[in-house]
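Below, chains carry the letters A, B, ... as their sequence lines are ordered, and counting in each starts from 1.
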Amino acid sequence: MVTQIISTMETQVSNGPSGTSLPNGPVISSNGATDDSKTNLIVNYLPQNMTQEEFKSLFGSIGEIESCKLVRDKITGQSLGYGFVNYVDPNDADKAINTLNGLKLQTKTIKVSYARPSSASIRDANLYVSGLPKTMSQKDMEQLFSQYGRIITSRILVDQVTAGISRGVGFIRFDKRNEAEEAIKGLNGQKPLGAAEPITVKFANNPSQKTGQALLTQLYQTAARRYTGPLHHQTQRFSMIPSLGKGPDPNNSSKPILDNLLNASYGVKSSPTLFPRFSPITIDSMTSLAGVNLTGPTGAGWCIFVYNLSPEADESVLWQLFGPFGAVTNVKVIRDFTTNKCKGFGFVTMTNYDEAAMAIASLNGYRLGDRVLQVSFKTSKQHKA
DNA sequence: TAGGATT
């Protein structure tokens, strides 16, 4: 059965660093070791096909990175959908959380938060819960489990076809493994207050522990994508565009992501009716232009010219706009040297032609606040201008 | 009855 995630509600407990802070630069403790609790971030819910390079490019647009790593499966090399970014400056880590947490990339909404110090005690602390009453919300479930420790994430799976009815199964990740153990002891086989049936609580399987068949399937898909490009879900991708006009994801408790940065242009009435719908004609006409006077796809990918950005626009705006369409390798806002304000345009590099074409077809003419964007493949003529 | 949260 097809399922989807209800949400990735944040817990009330802060995941932030503790201890004394310095205004700038790495924090050095008395024993000489660097304390990266204010610079090291964990990034979750990354798109499956995002590469290390794209990952670095996205987070490097915020500030200087000390190190970053997209975590991969040791055997298949596939992304595990999360990674770490350690900034040089704690202020940039803070900025990355404020501007990139909640960013929509393809079908995912990424989560950016401080990484907890690595420790054996925080591993294998994820629980699988089944037999939950269908009426139990994510909050209800957290309330039930929170007596056993600090909850890092929780989710309830829902049926897609019945528009979000709980399937009665979910996950609870505790901060510490021993907290998860206590929750199993206390809740497995117990009936929640008012429930007719007892719930089952056990350690979740590690998602990377796949069956041989699943591994083969994954390897096959990986190989197939090398030749045919990523699988496309155009309807899904397009359905995300009107959401640009709706502001931050209400399921994500991050601060209003881009509102401040964009003169609240995401928050006001960016009418979906003004949004140019997918047009096969548009795509065909662009396809016919390929190779005529475009700069792509040399090396890094297809370069896209974005015109009529506001003076306040920054790189995260471009990630926000183009990320949902596919692999973005680089974004650049062109700024005035003296004022550091955006000069009204920028560039985006996308790996795949069809994803770039789709982004252009969708975003050219898109109203961003009180501005109408002009989006096209970068041409040699524009390059000279 | 199945998510990609610790390099």
*Asks:* With a 3.5 Å cut-off and heavy atoms only, can you find an N or O donor on one side and an acceptor on the other between the side chain of A:Arg116 and the base of B:dT6?
*Replies:*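 By the distance-only test, yes, there is a pair.
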
*Asks:* What is the distance, to the nearest angstrom, from the CD1 atom on A:Ile199 to the C1' atom on B:dT1?
*Replies:*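 Atom-to-atom, A:Ile199 to B:dT1, this comes out as 14 Å.
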
*Asks:* For residues 140-188 of chain A, which residue pairs pass the ring pair (Phe, Tyr, Trp, His ring centres under 6.0 Å) check, not counting sequence neighbours?
*Replies:*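 Listed by first then second residue: A:Tyr128-A:Phe171.
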
*Asks:* May I ask you to decide whether A:Lys185 forms a salt bridge with A:Glu181, counting only side-chain N to carboxylate O separations under 4.0 Å?
*Replies:*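 No salt bridge links A:Lys185 with A:Glu181.
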
*Asks:* Can you tell me how far C1' of B:dA2 sits from CZ of A:Arg167, to the nearest Å?
*Replies:*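 Rounded to the whole Å, the gap is 8 Å.
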
*Asks:* When we call it a touch if two heavy atoms are under 4.0 Å apart, what does A:Lys74 touch: a base, just sugar-phosphate, or nothing?
*Replies:*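 Nothing, no heavy atom under 4.0 Å.
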
*Asks:* Under 4.0 Å, counting only non-hydrogen atoms across every strand here, what does A:Ala204 touch: a base, just sugar-phosphate, or nothing?
*Replies:*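 Base contact.
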
*Asks:* If you count the non-hydrogen atoms of other residues, nucleotides and ligands that lie under 6.0 Å from NZ in A:Lys332, is the total more than 12?
*Replies:*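 Atom NZ in A:Lys332 is not crowded, with 12 or fewer foreign heavy atoms closer than 6.0 Å.
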
*Asks:* Distance check needed: B:dT7 P versus A:Gln78 CD, whole Å only.
*Replies:*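 Between P of B:dT7 and CD of A:Gln78: 19 Å.
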
*Asks:* Might you work through the side chain to side chain donor-acceptor pair (under 3.5 Å) test for A:Asp354 and A:Asn352, ending with a clear yes or no?
*Replies:* CA-CA 6 Å; A:Asp354 53 355; A:Asn352 305 303; 5.3 Å; no

*Asks:* Write down the atom of A:Ala357, the atom of A:Phe377, and the distance for their closest heavy-atom approach.
*Replies:*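 Minimum heavy-atom separation between A:Ala357 and A:Phe377: N-CZ, 4.1 Å.
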
*Asks:* Given B:dA2, B:dT7, B:dT1, which nucleotide is nearest the side-chain atoms of A:Arg123?
*Replies:*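 For the A:Arg123 side chain, the nearest candidate turns out to be B:dT7.
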
*Asks:* For residues 168-175 of chain A, which residues have at least one heavy atom under 4.0 Å from DNA chain B?
*Replies:*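 Residues of residues 168-175 of chain A under 4.0 Å from DNA chain B: A:Val169, A:Phe171, A:Arg173.
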
*Asks:* To the nearest angstrom, how far is A:Asn44 atom CG from B:dT7 atom P?
*Replies:*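 In whole Å, B:dT7 P lies 13 Å from A:Asn44 CG.
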
*Asks:* List for me each residue that meets side-chain hydrogen bond (donor to acceptor under 3.5 Å, both in side chains) alongside A:Asp140, sequence neighbours excluded, and say none if there are none.
*Replies:*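 So A:Asp140 forms a side-chain hydrogen bond (donor to acceptor under 3.5 Å, both in side chains) with A:Ser137.
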
*Asks:* May I have the distance from A:Gln52 (atom CD) to B:dT7 (atom C1'), rounded to whole angstrom?
*Replies:*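 Those two atoms, CD and C1', are 11 Å apart.
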
*Asks:* Among B:dT7, B:dA2, B:dT6, which nucleotide has an atom closest to any side-chain atom of A:Lys69?
*Replies:*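 Selected nucleotide (nearest to the side chain): B:dT7.
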
*Asks:* Nearest-Å distance, CD (A:Glu66) to C1' (B:dT7)?
*Replies:*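 In whole Å, B:dT7 C1' and A:Glu66 CD are 12 Å from each other.
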
*Asks:* Rounded to the nearest angstrom, tell me the gap between atom NZ in A:Lys202 and atom P in B:dA2.
*Replies:*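 Rounded to the whole Å, the gap is 11 Å.
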
*Asks:* Is A:Gln147 atom CD crowded by more than 12 heavy atoms from other residues, nucleotides or ligands, each under 6.0 Å away?
*Replies:*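 Above 12, so yes.
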
*Asks:* In whole angstrom, what separates A:Leu46's CG from B:dT7's P?
*Replies:*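 In whole Å, B:dT7 P and A:Leu46 CG are 16 Å from each other.
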
*Asks:* Taking the side chain of A:Asn40 as its heavy atoms from C-beta onward, which of B:dA2, B:dT7, B:dT1 lies nearest to it?
*Replies:*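 For A:Asn40, the side-chain atoms sit closest to B:dT7.
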
